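Beneath this line is the structure, given in structure tokens, with notes to follow.
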Amino acid sequence: MVSTLTPEYTLKLQYMAEPTPEQPLRVIIVGGSIAGLTLAHALLRIDVDCVVLESHDEIAPHVGASIGILPNGARVLDQLGIFDDIRAASRPLEWSFAWNPDGSLLYRNEAVKVLHERHGYPLCFLDRQIVLDALFKHLGRQQKRVHTRKKVVRVQTLPDKAVVHCADGSEFEGDLVVGCDGVRSVVRNEMWRYMKPRDAASKERSLMTSEYACVFGTSTPTAGLSPGEIHRTFAKDFSFLTICGKDGIIFWFLFHRLAKRYPADNVPRFDQKQVDAHVSPYLSQAVANGVPFSAVYSNAMFKTLLALEEACFTRWWTGRIVCIGDSIHKMTPNLGQGANSAIESAALLANHLRQLKQAFPGGKIPLSRLERHLLEWQTGRWPRVSQMCAAASALTRLEALATPIHRIVAHYVLPITESLIVDQASQAMIGAEKLDFLPLPLSSMSCSMPYIPGYDRIRGLFIWRRLLATALFVCLYYLSANGETNLLPGNRLTSWSAQDIPSTTEGVTVSGLARMLLPSQLTPVYGIWFLEACREACTRSDLLLCVLFLWFKSTKNAKLITLHAYSAVGLWIAMHLKGTGNTWPVCCAVHYIRMPLSRLVLGRQQSIRAEALRVFHPVMLTGYCLLLLAIACYCL
Ligand SMILES: Cc1cc2nc3c(=O)[nH]c(=O)nc-3n(C[C@H](O)[C@H](O)[C@H](O)COP(=O)(O)OP(=O)(O)OC[C@H]3O[C@@H](n4cnc5c(N)ncnc54)[C@H](O)[C@@H]3O)c2cc1C
């Protein structure tokens, strides 16, 4: 459904009357897209008088753009009763694949499924028009507040009000102007005019640059790509992101590096007739195994070429003007967080405006109080937004293998650190903003990883508890070693090791058969140990080990086998030299410290990685049995 211009607005109009005691706050939202419509919904829920001015003649034009709604944005949209429409119109993503440009697999994982389970919402990728349409449709009778063909050209702030001027000569008055007008924001430019000191604007402007361009489009179903799959191709100076959504519709993106990093005033503008010429060098590169980009591109229904600006501005408001969304935090799309962050910014701003409204139930809000809340709003939002901008920027460069370090990470670290990546993504979700004045939806509460800002810090604290708890046992262990107490069964240096390890059995006769049977006795113990070490919750420690073994260039499985076999051999040698009694307590203590129980209860953290199960038998055979047998035979 689309709102159209009514004749009354062709006249110059004073939209709002003087504030009445019941309506002390009047907000003018410039831009009727994700940020603007989300904010309008939220403000209407708290009875704030608002109006949305949109320059286009349609709210939800069909231009072939797509959008991914992630759990942090989904939760707010769910609070507003809009998410069900989005869920119904999309096919939740399940499988992630990463490819080299020749079509060979870098890695494949279920990260998006894990995120769904942890945070209660699927990753929905769909036509952007559907999202905007749902936002507009759910305004119901309040759609009359959305005015299309209202191109804002100027904003005036006065001590007691702000006035917004449109290109058609109409004017709108309010207490606060919110710029939701995207990356080329007029409201932001107007805000800069009012900023002090005078050079503040030029400093802000210099924060926006563009180093990558993107060709994106939508294609009809293409052989080799199945619904629910998300494919990324990592290549030198370019990357593909290809998503197969509902009914097999393909949403695709080709990101490529520009010749240089352009400043804001000089960002290239492309002629859409250049698209074919632009993509031609990439047509033979693979978006998935056996699927060249040409196969997707030849099915394209829509395609667009644009330069990608990046900026995380530091001044988000001044006086009666504030900006949210792309107008103030513009990130590259690789992370899929631009719109989701805009939704969060709108939610937190609405929370602050509600507090203001409650503080002044029957009168006009002083500018100083408004400014205090805007300051608190920006201070509250800044850590997450700046992290998101940095993460999006890093991901764009990682996928385009921008530096040798990016190449090493993409080729050797990412394939074996799936759960680390998922953990990072979860970090982005758990501190997400919500609307404080609406109930939390069931989906967001029936998930395994709660949305609690600072949750990781709480989790991090557990390590001190674990260290303290372990310290007690370490003390007992050393006391027993000095012979001061006899708390451990027997002497740990001789008795335990004498039963198990051939070369430390001085003075004890161990039959040849017993030595031959040794592997069969120890293998189950080592097997359990190996699998325990492969639980998702152990990720971070595994990363350290993986980095140590980066030099080993082979297939993914071989890397894992080597990794675990080597660590297993290390453990075995330690037992051999120092005795089981010496080694096991240390191993158990380290294991306890590295795998907090709090991590084990989170979603799939307790599950054992499929890769580990696949290499279990080769690892046990090469890492333990054969080696142990060889040494046992040698000692015979
Ligand atoms: C290729 C691509 C893919 C993306 N994919 C994702 C994704 O998967 N997930 C995600 O979260 N984000 C994604 N993003 C980012 C996302 O699209 C933006 O972050 C999001 O649209 C920002 O919303 P916004 O409301 O702030 O601005 P916009 O969506 O840019 O909307 C601005 C609105 O203001 C209107 N306007 C502009 N000037 C004026 C004016 N002077 N007067 C009145 N109205 C005006 C415009 O017409 C427009 O409707 C993607 C971006 C791109 C480029």
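In each ligand, atom 1 is the first atom listed, and ligand 1 is the first ligand listed. Note that the structure is a prediction, hence the values are computed from the model and not measured.
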List every atom of ligand 1 that sits less than 4.0 Å from any heavy atom of [X], numbering the atoms from 1 in the order shown and giving each element.
| X | result |
| --- | --- |
| Gly325 | 26 (O) |
| Gly182 | 27 (O), 30 (O), 32 (C) |
| Lys150 | 42 (N), 43 (C) |
| Val186 | 41 (N) |
| Phe216 | 1 (C) |
| Ser33 | 25 (O), 28 (P), 29 (O), 31 (O), 32 (C), 33 (C), 49 (O) |
| Phe253 | 1 (C), 3 (C) |
| Phe125 | 8 (O) |

For [atom], grab the closest protein heavy atom and report residue, atom and distance to one decimal in Å.
| atom | answer |
| --- | --- |
| atom 25 (O) of ligand 1 | Ala35 N, 2.9 Å |
| atom 19 (O) of ligand 1 | Asp326 OD1, 2.6 Å |
| atom 6 (C) of ligand 1 | Ile67 CG1, 4.1 Å |
| atom 35 (C) of ligand 1 | Glu54 OE1, 3.3 Å |
| atom 23 (O) of ligand 1 | Ile34 CB, 4.0 Å |
| atom 37 (C) of ligand 1 | Asp181 O, 3.3 Å |
| atom 45 (C) of ligand 1 | Ser55 OG, 3.4 Å |

Quick one: list whatever passes ring pair (Phe, Tyr, Trp, His ring centres under 6.0 Å) with His62, sequence neighbours left out.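 Expected list: Phe302.
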
Item to complete: Quick one: list whatever passes ring pair (Phe, Tyr, Trp, His ring centres under 6.0 Å) with His406, sequence neighbours left out.
Response: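 Result, ring pair (Phe, Tyr, Trp, His ring centres under 6.0 Å) vs His406: none returned.
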
Salt bridge or not for [X] and [Y], using N-O below 4.0 Å?
| X | Y | value |
| --- | --- | --- |
| Glu309 | Arg269 | yes |
| Asp175 | Arg26 | yes |
| Arg320 | Glu173 | no |
| Asp85 | Lys137 | yes |
| Lys434 | Asp436 | yes |
| Arg315 | Glu204 | no |
| Glu310 | Lys330 | no |
| Arg188 | Asp181 | no |
| Asp168 | Lys150 | yes |

| said: Tell me whether the NZ or CZ atom of Arg75 lies within the 45° cone about the ring axis of Tyr451 and under 6.0 Å from its centre. | reply: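 Yes - Arg75 lies over the ring of Tyr451, closer than 6.0 Å to its centre and within 45° of its axis.
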
Please confirm whether Arg128 approaches ligand 1 to less than 4.0 Å, judged on its heavy atoms.
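The answer is yes, since Arg128 has a heavy atom less than 4.0 Å from ligand 1.
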
Practice task
Among Tyr297, Phe216, Phe240, find the one that has a ring-ring contact (aromatic ring centres under 6.0 Å, His included) with Trp252.
Solution key: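 Looking at Tyr297, Phe216, Phe240, the match for Trp252 under the ring-ring contact (aromatic ring centres under 6.0 Å, His included) is Tyr297.
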
Can an N or O of [X] be found at a distance shorter than 3.5 Å from an N or O of ligand 1?
| X | answer |
| --- | --- |
| His56 | yes |
| Pro333 | no |
| Gly68 | yes |
| Ala339 | yes |
| Gly336 | yes |
| Leu308 | no |
| Lys151 | no |
| Ser327 | no |

Check each heavy atom of [X] against ligand 1 and say whether those closer than 4.0 Å belong to the side chain, the backbone, both or neither.
| X | answer |
| --- | --- |
| Leu53 | backbone |
| Gln337 | backbone |
| Val152 | both |

### Query
Are Trp317 and Trp377 near enough that their ring centres are under 6.0 Å apart?
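Not under 6.0 Å, so no.
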
Do Thr304 and Gln272 touch side chain to side chain, with heavy atoms closer than 4.5 Å?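 Yes, their side chains come closer than 4.5 Å.
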
Between Asp49 and Arg145, is a salt bridge (Lys or Arg N to Asp or Glu O under 4.0 Å) present by the stated rule, with each step listed? CA-CA 9 Å; Asp49 187 9; Arg145 292 174 180 272; 2.8 Å; yes

Which one of Gly31, Ala346, Cys180, Gly73 has a non-hydrogen atom at the shortest distance from atom 32 (C) of ligand 1?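 Looking at heavy atoms only, Cys180 sits closest to atom 32 (C) of ligand 1.
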
